[in-house]
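One structure below.
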Protein chains: 2
Amino acid sequence: MTPPAAHGRDLPHPAREEIRLESVLHALSDPMRLRIVRELAAEGRELSCSDFVLPVTKSTTTHHFRVLRESGVVRQVYRGTAKLNGLRADDLDALFPGLLDRVLEAADRQAGRG
Amino acid sequence: MTPPAAHGRDLPHPAREEIRLESVLHALSDPMRLRIVRELAAEGRELSCSDFVLPVTKSTTTHHFRVLRESGVVRQVYRGTAKLNGLRADDLDALFPGLLDRVLEAADRQAGRG
DNA sequence: GTCAAACTACGATGGTTCTCGTACGATGGA
DNA sequence: TCCATCGTACGAGAACCATCGTAGTTTGAC
């Protein structure tokens with residue numbers, strides 16, 4: 001009785017052209033979310049939500065991932081019981097060339113400064 | 001009786017090293033403020049608050065300029081009755097190389113897409 | 001000294017966001 | 001079938017933010 005899409009209900013994502021610069025900047029302006037994005041970029045692969053050890057509860061984590069997804073920064077797909085998160089680096093780079101890299105670089109620098 | 005600094009009371013600005021990436025991104029994530037920054041960059045010189053024609057009241061404009069100043073994006077100095085606003089492009093570029101340019105470029109692109 | 005212009009300060013309001021806790025649903029394995 | 005795991009939904013609270021209007025301050029010009 002389960003509908004055809006048995007393997008993975010899917011989540012709403014903005015299409016590439018729908019991604020707004022302001023939303024992306026806003027998504028990245030939260031420390032927790034910037035941390036998530038940096039980790040995702042450093043790892044270079046899709047990570048499940050539970051791969052992240054964050055100083056907030058699970059529901060708060062869910063909230064932040066949703067903001068990231070709705071702003072177009074990450075793509076989320078279900079994989080069994082886990083939900084994999086991948087950076088939409090290709091889409092972002094097509095829309096806003098170099099932006100994500102400069103932000104990540106800036107975050108690294110700032111972290112280096114302590 | 002006026003203290004020595006007769007020509008221009010001065011406003012609190014973060015020092016270069018105090019500028020936080022998250023604050024900058026947050027400042028730039030508001031449409032009104034991004035618009036201000038773009039205009040400032042396009043003009044390439046200091047502009048007074050009243051040079052901007054924004055669809056908000058003056059008190060709201062004051063608010064946005066303060067956010068921009070406190071986050072380290074603009075520098076404000078009094079010049080007689082006017083207040084001049086200049087982009088802190090040098091400071092930002094020293095801290096976060098290329099970031100401001102990529103944001104401005106991204107904003108142009110997005111504006112171009114309509 | 002008076003006046004207009006530029007901007008600020010303050011208080012209020014309505015909206016958004018970050019955070020949590022608890023309860024729920026979906027998946028895959030024992 | 002039962003259960004553990006992973007994540008969601010919902011409700012709530014506190015904080016923050018964008019916006020406004022009004023009243024005030026500072027400055028420079030007349």
Side-chain angles (χ1 to χ4, degrees), chain A residues 1-13 20 22-37 46-71 73-86, chain B residues 1-13 20 22-37 46-71 73-86:
Chain A
M1 263 322 182
T2 42
H7 240 275
R9 343 139 232 176
D10 39 324
L11 298 152
H13 289 82
R20 300 284 306 170
E22 293 89 336
S23 306
V24 171
L25 294 178
H26 173 248
L28 297 175
S29 74
D30 181 273
M32 211 64 64
R33 290 193 292 261
L34 184 55
R35 177 169 164 172
I36 291 173
V37 169
E46 297 190 320
L47 293 176
S48 78
C49 293
S50 54
D51 285 335
F52 295 87
V53 189
L54 300 172
V56 289
T57 64
K58 276 204 293 187
S59 36
T60 302
T61 303
T62 295
H63 160 70
H64 285 307
F65 274 108
R66 182 173 38 202
V67 174
L68 287 171
R69 170 170 51 80
E70 291 178 344
S71 65
V73 176
V74 307
R75 189 175 298 278
Q76 299 188 291
V77 293
Y78 281 104
R79 184 83 177 196
T81 160
K83 193 160 75 169
L84 291 183
N85 300 275
Chain B
M1 264 319 183
T2 43
H7 239 276
R9 353 149 222 169
D10 37 326
L11 298 152
H13 289 82
R20 301 282 307 168
E22 293 88 336
S23 305
V24 171
L25 294 178
H26 173 247
L28 297 176
S29 74
D30 180 274
M32 212 63 65
R33 290 193 294 259
L34 185 55
R35 176 168 164 173
I36 290 172
V37 169
E46 297 190 320
L47 294 177
S48 78
C49 293
S50 52
D51 286 335
F52 295 86
V53 188
L54 300 172
V56 289
T57 64
K58 277 208 285 189
S59 37
T60 302
T61 303
T62 295
H63 161 70
H64 285 307
F65 274 109
R66 182 171 39 200
V67 174
L68 287 170
R69 170 170 50 81
E70 291 179 345
S71 65
V73 176
V74 307
R75 188 174 299 278
Q76 299 189 291
V77 293
Y78 282 103
R79 184 85 176 193
T81 159
K83 193 160 74 168
L84 291 184
N85 300 275

Return a table of donor-acceptor pairs under 3.5 angstrom between the side chains of residues 24-31 of chain A and protein atoms on other chains or two or more places apart.
residue : atom : partner : partner atom : Å
A:S29   : OG   : A:H26   : O            : 2.8
A:D30   : OD1  : A:M32   : N            : 2.9
A:D30   : OD1  : A:R33   : N            : 3.2

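- Considering only residues two or more places apart in sequence or on other chains, A:R75 meets the side-chain contact (heavy atoms from CB on, under 4.5 Å) condition with A:H13, A:R88, A:D91.
- Considering only residues two or more places apart in sequence or on other chains, B:T81 meets the side-chain hydrogen bond (donor to acceptor under 3.5 Å, both in side chains) condition with none of them.
- For DNA chain D, the residues of residues 49-58 of chain B within the heavy-atom distance limit of 4.0 Å (strictly under) are B:V56, B:T57, sorted by number.
- Taking atom CZ on A:R79 and atom P on D:dG7, their separation rounds to 14 Å, with Å as the unit.
- Under the side-chain hydrogen bond (donor to acceptor under 3.5 Å, both in side chains) criterion, A:T62 pairs with no residue at all, not counting sequence neighbours.
- Residues satisfying the salt bridge (Lys or Arg N to Asp or Glu O under 4.0 Å) test with A:E70, not counting sequence neighbours, are none.
- Near DNA chain D, meaning a heavy atom under 4.0 Å away, the residues from residues 25-32 of chain B are B:H26, B:D30, B:M32.
- At a non-hydrogen distance threshold of 4.0 Å, A:T60, A:H63, A:H64 from residues 60-68 of chain A come into contact with DNA chain C.
- Taking the nucleotide of DNA chain C with the nearest heavy atom to each of B:Q76 and A:R33, the more 5' of the two is matched to B:Q76.
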What pairs of nitrogen or oxygen atoms, one from the protein and one from nucleotides 22-24 of chain D, lie under 3.5 Å apart?
none

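- Residues satisfying the side-chain hydrogen bond (donor to acceptor under 3.5 Å, both in side chains) criterion with B:S50, sequence neighbours excluded, are B:S48.
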Provide a list of protein-nucleic acid N or O atom pairs under 3.5 angstrom, restricted to nucleotides 2-5 of chain D.
residue : atom : partner : partner atom : Å
D:dT5   : O2   : A:T81   : OG1          : 3.4

